[in-house]
Amino acid sequence: APAEASAAGPGRPSSAPCTSQVVGKERSDMKALVIVNWLYENDFHELPSALNDGRKIVKWFKQMGFQVFALFNATLSDMNTMGRTFEEALRGTNGTTALIYYAGHGLEVFGQQFLVPTDARKPYK
């Protein structure tokens, strides 16, 4: 059974707390990080289809034998924490297949791309 944790932060809509889970231990050499952001607190519009897509991809990765590190509706702090958790899971492994899937808003600034956490504000209006 997946371990699930809720991490509602200040200003986060109570209807959509951050949830994270690590599910599946079928193969230690296949790991996937899935981040799905659909309900934003500030300047970005909602992406309802991202939630459905994220649920489907988590299920598909599990069926393929991946250990899935999933994060839904994540703030910057949540994303940083899960990134470190995923990095730690990969540390010291050779021959591991690692996949990252992101659904949510993204920005490009001076040719560099960024994933947008749910607590972000647009740098311009």
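Atoms considered below: every heavy atom in the structure, side chains included; atoms not considered: hydrogens, waters and symmetry mates. If you're wondering where the values come from, they're calculated on a predicted model, not measured in any experiment.
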Let me see the working for Met82 and Phe69 under side chain to side chain contact (heavy atoms under 4.5 Å, CB included), right down to the final yes or no. CA-CA 8 Å; Met82 184 59 87; Phe69 296 75; 4.0 Å; yes
Quick one: do Tyr101 and Val58 satisfy side chain to side chain contact (heavy atoms under 4.5 Å, CB included)? Show the steps, please. CA-CA 9 Å; Tyr101 174 89; Val58 166; over 6 Å; no
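Between the side chain of Thr118 and the main chain of Glu41, no donor-acceptor pair closer than 3.5 Å is present. Without hydrogens or angle criteria, Thr93 side chain to Leu90 main chain gives a donor-acceptor distance under 3.5 Å. Judged purely by atom type and a 3.5 angstrom limit, Asn73 uses its side chain to pair as donor or acceptor with the backbone of Leu39. When atom types are taken as modelled, the side chain of Asn37 and the backbone of Val116 share a donor-acceptor pair closer than 3.5 angstrom. At least one donor-acceptor pair under 3.5 Å links the side chain of Asn42 to the backbone N or O of Asp119. In this structure a side-chain-to-backbone donor-acceptor pair under 3.5 Å is missing from Asp29 to Gly95.
Taking the six-membered ring for Trp and thresholds of 30 and 60 degrees, Phe44 and His105 have ring planes inclined between 30 and 60 degrees apart. Ring geometry for Phe66 versus Phe61: interplanar angle of 30 to 60°, hence tilted.
Distance check: Leu47 CG to Trp38 CH2 gives 11.0 Å after rounding to the nearest 0.5 Å. Between Leu33 atom CG and Gln67 atom CD the span is 11.5 Å, to the nearest 0.5 Å. Rounding to the nearest 0.5 Å gives a distance of 6.0 Å between OG1 of Thr96 and NZ of Lys31.
In terms of heavy atoms, Phe72 sits closest to Ala70 at CE1-CB, 3.7 Å. Residues Met79 and Leu115 come closest through the heavy atom pair CE-CB, 3.7 Å.
Salt-bridge annotation for Glu87 and Arg91: present, with a side-chain N of the basic residue lying under 4.0 Å from a carboxylate O of the acidic one.
Between the side chains of Asp78 and Thr75, at least one donor N or O lies within less than 3.5 Å of an accepting N or O.
The cluster map of Ile, Leu, Val, Met, Phe, Trp and Tyr, joined by side-chain heavy atoms under 4.5 Å apart, puts Met64 and Leu99 in the same cluster. Hydrophobic cluster membership differs between Leu71 and Leu76, with clusters built from Ile, Leu, Val, Met, Phe, Trp and Tyr side chains linked at under 4.5 angstrom.
If you run side-chain contact (heavy atoms from CB on, under 4.5 Å) between Phe86 and each of Val34, Ile35, Ile100, Thr81, only Ile100 comes through.
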